[in-house]
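Structure first, commentary second.
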Amino acid sequence: MNTINPFRLLQSSLLLSVVLTASPLQPAELEIEAVSLSKSDLPRDFPFQVLTSGFAILKVTLKNPSQDTASFDPDQLSLRTRGRKRVKRALPTDITPKLMRFYRGTQRGVRGEVYSGRRRPYPGEMERAPTVEPGRSPGPVAADTATRLRSILEQYELQPTNLEPGASVEGYFYLKSKKHGRKLSGYQLHLDRQTTAIP
(Lines give C-alpha, C1' and ligand atoms only; values in the text may rest on other atoms or scores of the structure.)
Protein backbone atom coordinates (compact mmCIF):
# COMPACT_ATOMS: atom_id res chain seq x y z
CA MET A 1 0.00 0.00 0.00
CA ASN A 2 1.39 3.43 -1.05
CA THR A 3 1.50 6.17 1.56
CA ILE A 4 1.51 9.88 0.83
CA ASN A 5 4.44 11.80 2.23
CA PRO A 6 2.88 14.96 3.73
CA PHE A 7 6.23 16.82 3.58
CA ARG A 8 6.61 16.16 -0.18
CA LEU A 9 2.97 17.22 -0.74
CA LEU A 10 3.63 20.49 1.12
CA GLN A 11 6.74 21.12 -0.99
CA SER A 12 4.78 20.63 -4.23
CA SER A 13 2.01 22.90 -3.01
CA LEU A 14 4.46 25.69 -2.10
CA LEU A 15 6.27 25.41 -5.44
CA LEU A 16 2.97 25.67 -7.36
CA SER A 17 1.99 28.70 -5.25
CA VAL A 18 5.28 30.48 -6.08
CA VAL A 19 4.89 29.80 -9.82
CA LEU A 20 1.32 31.11 -9.87
CA THR A 21 2.04 34.29 -7.92
CA ALA A 22 5.32 35.24 -9.67
CA SER A 23 4.96 38.25 -11.95
CA PRO A 24 5.67 37.61 -15.65
CA LEU A 25 9.12 38.57 -16.91
CA GLN A 26 9.21 42.04 -18.43
CA PRO A 27 11.22 42.68 -21.62
CA ALA A 28 14.42 44.68 -21.23
CA GLU A 29 13.74 48.40 -21.62
CA LEU A 30 15.71 50.15 -24.34
CA GLU A 31 17.11 53.66 -24.15
CA ILE A 32 15.72 55.61 -27.08
CA GLU A 33 16.67 58.91 -28.69
CA ALA A 34 15.03 60.47 -31.73
CA VAL A 35 15.50 63.62 -33.77
CA SER A 36 13.45 64.90 -36.72
CA LEU A 37 15.69 65.47 -39.74
CA SER A 38 15.85 68.46 -42.07
CA LYS A 39 17.35 68.50 -45.57
CA SER A 40 20.77 69.59 -44.31
CA ASP A 41 20.90 66.59 -41.93
CA LEU A 42 20.54 63.98 -44.66
CA PRO A 43 23.44 61.99 -46.18
CA ARG A 44 24.56 63.06 -49.66
CA ASP A 45 23.27 59.91 -51.35
CA PHE A 46 19.79 60.24 -49.84
CA PRO A 47 16.87 61.60 -51.96
CA PHE A 48 16.04 64.73 -49.98
CA GLN A 49 12.80 65.15 -51.96
CA VAL A 50 11.25 62.77 -49.41
CA LEU A 51 10.83 65.82 -47.17
CA THR A 52 8.93 67.79 -49.84
CA SER A 53 6.65 64.88 -50.76
CA GLY A 54 4.55 64.67 -47.59
CA PHE A 55 6.91 62.65 -45.41
CA ALA A 56 9.08 63.20 -42.34
CA ILE A 57 12.13 61.28 -41.16
CA LEU A 58 13.09 60.50 -37.58
CA LYS A 59 16.62 59.37 -36.89
CA VAL A 60 16.16 56.88 -34.05
CA THR A 61 18.94 55.52 -31.83
CA LEU A 62 18.29 52.55 -29.55
CA LYS A 63 20.59 51.24 -26.83
CA ASN A 64 20.21 48.19 -24.61
CA PRO A 65 21.51 49.10 -21.13
CA SER A 66 20.33 45.85 -19.53
CA GLN A 67 22.11 42.55 -18.99
CA ASP A 68 19.66 40.71 -21.24
CA THR A 69 19.25 40.54 -25.00
CA ALA A 70 16.36 42.75 -26.12
CA SER A 71 14.23 42.28 -29.24
CA PHE A 72 13.08 45.30 -31.22
CA ASP A 73 10.68 45.76 -34.10
CA PRO A 74 9.85 49.17 -35.69
CA ASP A 75 6.17 48.20 -35.47
CA GLN A 76 6.52 48.86 -31.72
CA LEU A 77 7.18 52.56 -32.41
CA SER A 78 4.50 55.23 -32.78
CA LEU A 79 4.65 59.02 -32.96
CA ARG A 80 1.94 61.22 -31.46
CA THR A 81 1.28 64.92 -31.80
CA ARG A 82 0.99 67.25 -28.82
CA GLY A 83 -2.76 66.58 -28.98
CA ARG A 84 -2.11 62.80 -28.73
CA LYS A 85 -3.07 62.17 -32.37
CA ARG A 86 -1.11 59.34 -33.94
CA VAL A 87 1.11 60.13 -36.96
CA LYS A 88 1.01 57.29 -39.50
CA ARG A 89 4.18 55.39 -40.28
CA ALA A 90 5.37 55.35 -43.92
CA LEU A 91 7.24 52.52 -45.63
CA PRO A 92 9.70 52.83 -48.53
CA THR A 93 6.99 51.36 -50.78
CA ASP A 94 4.73 54.30 -49.81
CA ILE A 95 7.41 56.91 -50.44
CA THR A 96 9.00 55.71 -53.70
CA PRO A 97 6.00 56.39 -56.01
CA LYS A 98 5.79 59.97 -54.69
CA LEU A 99 9.44 60.57 -55.61
CA MET A 100 9.12 59.51 -59.24
CA ARG A 101 7.94 62.96 -60.39
CA PHE A 102 11.43 64.28 -59.53
CA TYR A 103 13.12 61.76 -61.82
CA ARG A 104 11.47 62.35 -65.21
CA GLY A 105 12.86 63.85 -68.39
CA THR A 106 16.45 64.13 -69.61
CA GLN A 107 17.94 65.83 -66.54
CA ARG A 108 19.38 64.13 -63.53
CA GLY A 109 16.85 64.95 -60.84
CA VAL A 110 15.40 68.45 -60.59
CA ARG A 111 18.00 70.89 -61.99
CA GLY A 112 20.60 68.24 -61.18
CA GLU A 113 19.80 68.33 -57.45
CA VAL A 114 20.18 64.64 -56.80
CA TYR A 115 22.09 64.97 -53.55
CA SER A 116 21.15 66.28 -50.13
CA GLY A 117 24.15 68.57 -49.70
CA ARG A 118 24.09 72.27 -50.55
CA ARG A 119 26.71 72.05 -53.29
CA ARG A 120 26.08 70.76 -56.81
CA PRO A 121 27.29 67.14 -57.15
CA TYR A 122 30.50 66.32 -59.01
CA PRO A 123 30.22 64.54 -62.39
CA GLY A 124 31.22 61.20 -60.83
CA GLU A 125 28.48 61.54 -58.22
CA MET A 126 25.97 62.40 -60.93
CA GLU A 127 26.79 59.17 -62.74
CA ARG A 128 25.99 57.17 -59.60
CA ALA A 129 22.80 59.09 -58.83
CA PRO A 130 19.55 57.06 -58.87
CA THR A 131 17.84 59.08 -61.61
CA VAL A 132 16.81 58.91 -65.25
CA GLU A 133 19.24 57.82 -67.92
CA PRO A 134 20.81 60.56 -70.10
CA GLY A 135 19.20 61.09 -73.48
CA ARG A 136 15.76 59.77 -72.62
CA SER A 137 12.83 61.69 -74.03
CA PRO A 138 10.90 63.95 -71.63
CA GLY A 139 8.48 61.99 -69.46
CA PRO A 140 9.76 58.39 -69.24
CA VAL A 141 11.65 57.16 -66.20
CA ALA A 142 14.49 54.63 -66.29
CA ALA A 143 13.15 51.18 -65.48
CA ASP A 144 15.35 50.64 -62.43
CA THR A 145 14.91 54.11 -60.90
CA ALA A 146 12.14 53.12 -58.49
CA THR A 147 14.07 50.03 -57.40
CA ARG A 148 17.21 52.05 -56.73
CA LEU A 149 15.33 54.73 -54.78
CA ARG A 150 13.51 52.15 -52.67
CA SER A 151 16.83 50.40 -52.01
CA ILE A 152 18.33 53.64 -50.62
CA LEU A 153 15.31 54.20 -48.37
CA GLU A 154 15.50 50.62 -47.09
CA GLN A 155 19.25 50.88 -46.52
CA TYR A 156 18.74 53.71 -44.01
CA GLU A 157 15.49 52.38 -42.51
CA LEU A 158 15.40 51.13 -38.91
CA GLN A 159 15.22 47.32 -39.03
CA PRO A 160 13.96 44.63 -36.61
CA THR A 161 16.87 43.41 -34.51
CA ASN A 162 18.03 41.67 -31.36
CA LEU A 163 20.23 43.93 -29.25
CA GLU A 164 22.87 42.31 -27.09
CA PRO A 165 23.60 43.87 -23.66
CA GLY A 166 25.30 47.24 -24.19
CA ALA A 167 24.70 47.20 -27.97
CA SER A 168 23.08 50.05 -29.90
CA VAL A 169 21.54 50.57 -33.32
CA GLU A 170 20.28 53.54 -35.31
CA GLY A 171 18.19 54.06 -38.39
CA TYR A 172 15.46 56.12 -40.03
CA PHE A 173 11.78 55.89 -39.13
CA TYR A 174 9.58 57.33 -41.89
CA LEU A 175 6.29 59.11 -41.24
CA LYS A 176 3.38 60.47 -43.28
CA SER A 177 3.67 64.12 -42.28
CA LYS A 178 4.10 67.44 -44.05
CA LYS A 179 5.98 68.68 -40.99
CA HIS A 180 9.65 67.86 -40.44
CA GLY A 181 12.71 69.18 -38.64
CA ARG A 182 11.90 71.58 -35.80
CA LYS A 183 8.20 71.54 -36.70
CA LEU A 184 7.96 68.14 -34.98
CA SER A 185 9.47 69.49 -31.76
CA GLY A 186 7.39 68.40 -28.78
CA TYR A 187 5.87 65.39 -30.52
CA GLN A 188 6.25 62.14 -28.56
CA LEU A 189 7.74 58.88 -29.77
CA HIS A 190 6.37 55.82 -27.97
CA LEU A 191 8.09 52.44 -27.62
CA ASP A 192 5.82 50.14 -25.66
CA ARG A 193 5.49 51.92 -22.28
CA GLN A 194 8.36 54.36 -22.90
CA THR A 195 7.93 57.89 -24.21
CA THR A 196 10.58 60.15 -25.75
CA ALA A 197 9.96 63.79 -26.67
CA ILE A 198 11.28 65.00 -30.04
CA PRO A 199 13.66 67.94 -29.36
Side-chain angles (χ1 to χ4, degrees), residues 34-61 73-122 125-161 169-191 198-199:
V35 62
S36 178
L37 301 182
S38 297
K39 178 183 171 183
S40 60
D41 302 318
L42 295 171
R44 292 199 183 280
D45 65 339
F46 194 90
F48 66 87
Q49 295 92 346
V50 169
L51 297 177
T52 58
S53 301
F55 301 99
I57 305 169
L58 292 183
K59 183 178 181 180
V60 178
T61 303
D73 192 299
D75 289 340
Q76 297 171 280
L77 289 175
S78 64
L79 185 73
R80 297 188 184 274
T81 66
R82 297 180 194 91
R84 306 287 296 162
K85 184 178 178 182
R86 187 172 184 152
V87 181
K88 290 183 180 179
R89 180 184 176 193
L91 299 174
T93 49
D94 301 318
I95 301 171
T96 304
K98 301 287 187 181
L99 298 180
M100 297 313 295
R101 64 192 173 100
F102 296 103
Y103 296 91
R104 294 183 179 275
T106 57
Q107 296 185 39
R108 295 225 169 228
V110 179
R111 296 185 300 280
E113 296 171 348
V114 295
Y115 277 72
S116 302
R118 293 179 180 154
R119 65 169 176 79
R120 189 174 179 84
Y122 298 121
E125 292 173 328
M126 291 287 282
E127 292 303 316
R128 295 190 298 272
T131 68
V132 298
E133 295 173 359
R136 307 238 354 163
S137 59
V141 179
D144 65 343
T145 300
T147 302
R148 293 166 70 187
L149 285 170
R150 189 175 68 244
S151 176
I152 291 173
L153 296 175
E154 290 172 349
Q155 173 189 337
Y156 285 94
E157 186 180 29
L158 196 59
Q159 300 293 327
T161 187
V169 67
E170 69 177 27
Y172 289 176
F173 187 68
Y174 305 117
L175 299 156
K176 294 181 179 179
S177 173
K178 293 181 179 179
K179 295 182 178 180
H180 60 269
R182 292 184 178 179
K183 292 181 180 179
L184 290 186
S185 179
Y187 282 38
Q188 294 187 333
L189 185 65
H190 295 265
L191 174 61
I198 305 300

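Quantities reported herein were computed from a predicted structural model and do not represent experimental measurements. In this chain, residues are counted from 1 in sequence order.
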Could you tell me whether the side chain of Q188 reaches within less than 4.5 Å of the side chain of R84, counting heavy atoms only?
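Yes, side chains in contact.
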Tell me, do K98 and V50 make a side-chain contact under 4.5 Å, heavy atoms counted?
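Heavy-atom side-chain distance check fails, nothing below 4.5 Å.
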Can you name the ring pair (Phe, Tyr, Trp, His ring centres under 6.0 Å) partners of Y187, sequence neighbours left out?
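Residues passing ring pair (Phe, Tyr, Trp, His ring centres under 6.0 Å) with Y187: none at all.
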Looking at residues at least two apart in the chain, or sitting in another chain, which of them share a ring pair (Phe, Tyr, Trp, His ring centres under 6.0 Å) with Y174?
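Partners of Y174 under the ring pair (Phe, Tyr, Trp, His ring centres under 6.0 Å) test: none.
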Atom pair [atom1]/[atom2] of [X] and [Y] - distance to nearest 0.5 Å:
X    : Y    : atom1 : atom2 : result
H180 : F55  : NE2   : CZ    : 13.0 Å
L99  : S53  : CG    : OG    : 5.0 Å
L77  : L158 : CG    : CG    : 6.5 Å

Just by modelled atom types, is the [Y] backbone N or O under 3.5 Å from a matching donor or acceptor in the [X] side chain?
X    : Y    : value
S177 : K179 : yes
Q159 : E157 : yes
T52  : Q49  : yes
R86  : T81  : no

Residue that, paired with L37, satisfies side chain to side chain contact (heavy atoms under 4.5 Å, CB included) out of L184, L51, I57:
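Exactly one pass, corresponding to I57.
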What is the minimum heavy-atom distance between [X] and [Y], and which atoms define it?
X    : Y    : answer
P160 : P74  : N-CD, 3.7 Å
T96  : P92  : OG1-O, 2.8 Å
A34  : P199 : O-CD, 3.2 Å

Residues in salt bridge (Lys or Arg N to Asp or Glu O under 4.0 Å) contact with D73, at least two apart in sequence or another chain:
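Salt bridge (Lys or Arg N to Asp or Glu O under 4.0 Å) list for D73, sorted by chain: empty.
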Step by step, work out the side-chain contact (heavy atoms from CB on, under 4.5 Å) result for L58 and L175.
CA-CA 8 Å; L58 292 183; L175 299 156; 3.7 Å; yes
Counting only heavy atoms from other residues, nucleotides and ligands, does the tally under 6.0 Å from CZ of R80 exceed 12?
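Check passes, neighbour count above 12.
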What orientation do Y172 and Y156 show, parallel under 30°, tilted 30 to 60°, or perpendicular over 60°?
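Answer is parallel, since the angle falls under 30°.
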Step by step, would you call I198 with S36 a side-chain contact (heavy atoms from CB on, under 4.5 Å)?
CA-CA 7 Å; I198 305 300; S36 178; 4.1 Å; yes
Carboxylate-amine/guanidinium proximity below 4.0 Å for R89 and D94
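No, this pair does not count.
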Would you please test V60 and V169 for side-chain contact (heavy atoms from CB on, under 4.5 Å) and show each step?
CA-CA 8 Å; V60 178; V169 67; over 6 Å; no
Between L79 and H190, is the side-chain contact (heavy atoms from CB on, under 4.5 Å) condition met? List the steps.
CA-CA 6 Å; L79 185 73; H190 295 265; over 6 Å; no
